There are 2 protein chains.
Amino acid sequence: MDKDLVFKALADPTRRLMLDEFSERKEQTLYELMARLIMRHKVAISRQALAKHVDVLEEAGLVSSEKRGKYRMLVFDDGPLRTVMDRWLK
Amino acid sequence: MDKDLVFKALADPTRRLMLDEFSERKEQTLYELMARLIMRHKVAISRQALAKHVDVLEEAGLVSSEKRGKYRMLVFDDGPLRTVMDRWLK
DNA sequence: ACAATACGCAACCATAGGGTTGCGCGTCAA
DNA sequence: TTGACGCGCAACCCTATGGTTGCGTATTGT
């Protein structure tokens, strides 16, 4: 696990909102996620922009994607978050 | 405490190295900190650049500065780090 | 079969942010 | 008092990155 990629993923407020949603629902399609961001957080964002954010979360190991038919199912993993902060809190 | 500012502060690798040093020595002058970054982490950085990073850490509440004569003493506070991750880890 | 849908890819734009250089101001020791 | 040192401020440069638009591809339901 590359901690730098995790912090890079956490740097953006939209991605942090995405993690908020994932912490409540571990599995979501990209469109479900977008709908929730719009409705619950009033985030105006395009599908492509959101897909880019998903890519960043994937590189950080916070999300894994799984092709299901024509949908791309996203699965949250909070593992990296649990380990990344041990650095300064001992 | 503004969590967004904390994540912004954590976004840069140089600032994370600074926190590494602060977690070992809570009080340091700017020059002490610079010397440690250069020696222990081989970071080549100017005083002004480092001062900017300190400003960001201060805005996040991770560091407070105290004027002592002509020196600026920096004091580390890990409080914000301890609370900021509760968001997704429950 | 075919229209709608979910998606990936690529080019492009605009801004944020990390870094540098240059200057000036206090502070302190000789 | 005067020179060296620690620092703040401001202008500038360059790259990373978040966002958009446009197009092509694959999958699905009717």
Side-chain angles (χ1 to χ4, degrees), chain A residues 2-22 25 27-39 41-75, chain B residues 2-22 25 27-39 41-75:
Chain A
D2 190 332
K3 295 191 176 185
D4 285 6
L5 292 178
V6 177
F7 286 111
K8 178 185 172 185
L10 295 180
D12 183 80
T14 299
R15 283 194 292 269
R16 293 197 293 274
L17 287 178
M18 292 168 72
L19 292 180
D20 288 344
E21 292 306 318
F22 274 122
R25 287 190 85 179
E27 291 198 7
Q28 292 183 67
T29 67
L30 202 151
Y31 267 40
E32 283 175 351
L33 183 59
M34 182 155 52
R36 287 173 160 257
L37 286 177
I38 292 172
M39 289 187 299
H41 302 282
K42 296 172 184 171
V43 175
I45 194 173
S46 67
R47 173 187 64 87
Q48 286 85 346
L50 192 64
K52 281 190 182 182
H53 285 306
V54 171
D55 290 342
V56 176
L57 292 178
E58 265 198 278
E59 289 173 8
L62 292 167
V63 160
S64 59
S65 74
E66 182 184 334
K67 185 91 175 179
R68 290 187 190 171
K70 71 174 178 180
Y71 292 94
R72 179 187 181 186
M73 183 60 70
L74 307 174
V75 183
Chain B
D2 189 332
K3 294 192 176 185
D4 285 5
L5 292 178
V6 177
F7 286 112
K8 178 185 173 185
L10 294 179
D12 183 80
T14 300
R15 284 195 292 269
R16 293 197 293 274
L17 286 178
M18 293 167 69
L19 293 180
D20 288 343
E21 291 306 317
F22 275 122
R25 287 191 86 179
E27 290 198 8
Q28 293 183 66
T29 67
L30 202 153
Y31 268 39
E32 283 175 350
L33 183 60
M34 183 155 53
R36 285 172 162 260
L37 287 178
I38 292 173
M39 291 187 298
H41 303 281
K42 296 171 183 172
V43 176
I45 195 173
S46 67
R47 173 186 63 87
Q48 287 84 346
L50 192 64
K52 281 190 184 182
H53 285 307
V54 170
D55 290 342
V56 176
L57 292 178
E58 266 199 276
E59 289 172 8
L62 293 167
V63 160
S64 59
S65 75
E66 182 184 333
K67 185 91 176 179
R68 290 187 190 171
K70 71 177 178 179
Y71 292 94
R72 179 186 182 187
M73 184 60 69
L74 307 173
V75 183

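The shown structure was predicted, so the numbers you read here are calculated from the model rather than taken from an experiment. Below, chains carry the letters A, B, ... as their sequence lines are ordered, and counting in each starts from 1.
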Over all strands shown, is A:R15 touching base, sugar-phosphate only, or nothing at heavy-atom distances under 4.0 angstrom?
sugar-phosphate

Closest of C:dA6, C:dG8, D:dG6 to the A:Y71 side chain is C:dA6

Reported NE2-to-CG distance for the pair A:H41 and A:L17, which is rounded to 0.5 angstrom
5.0 Å

Minimal non-hydrogen separation, B:A9 against B:R15, with atom names
O-NE, 2.8 Å

Atom CG of A:L33 and atom C1' of C:dC7: how far apart are they, to the nearest Å?
15 Å

On the side chain of B:K52, is there an atom forming a donor-acceptor pair with the base of C:dG17 - under 3.5 Å, no angle test?
no

Distance check: side-chain N/O of B:H53 vs OP1/OP2 of C:dG19, anything under 4.0 Å?
yes

So, OP1 or OP2 of D:dG8: does either fall under 4.0 Å of a side-chain N or O from B:R72?
yes

Does the base of C:dG8 carry an N or O that pairs as donor and acceptor with the side chain of A:R47 under 3.5 Å?
yes

Roughly how many Å is it from CD in B:E58 to P in D:dC7, rounded to a whole number?
12 Å

Given that B:K70 and A:K8 both sit by DNA chain D, which one's nearest nucleotide is further toward the 5' end?
B:K70

To the nearest angstrom, the CG-P distance between A:D12 and D:dA16 comes to 17 Å

Pick the closest DNA chain D nucleotide for A:V56 and for B:K67 by heavy atoms, then say which residue is nearer the 5' end.
B:K67

Test item: B:R72 side-chain N/O and B:E66 main-chain N/O as donor-acceptor pair under 3.5 Å
no

Can you measure B:L50 atom CG to C:dT21 atom P for me and round it to whole angstrom units?
15 Å

Distance (rounded to the nearest 0.5 Å) between B:L74 CG and B:E58 CD
7.0 Å

So, OP1 or OP2 of D:dG19: does either fall under 4.0 Å of a side-chain N or O from A:S46?
no

Of the options C:dG19, C:dT21, D:dT20, whose atoms approach the side-chain atoms of A:Q48 most closely?
D:dT20

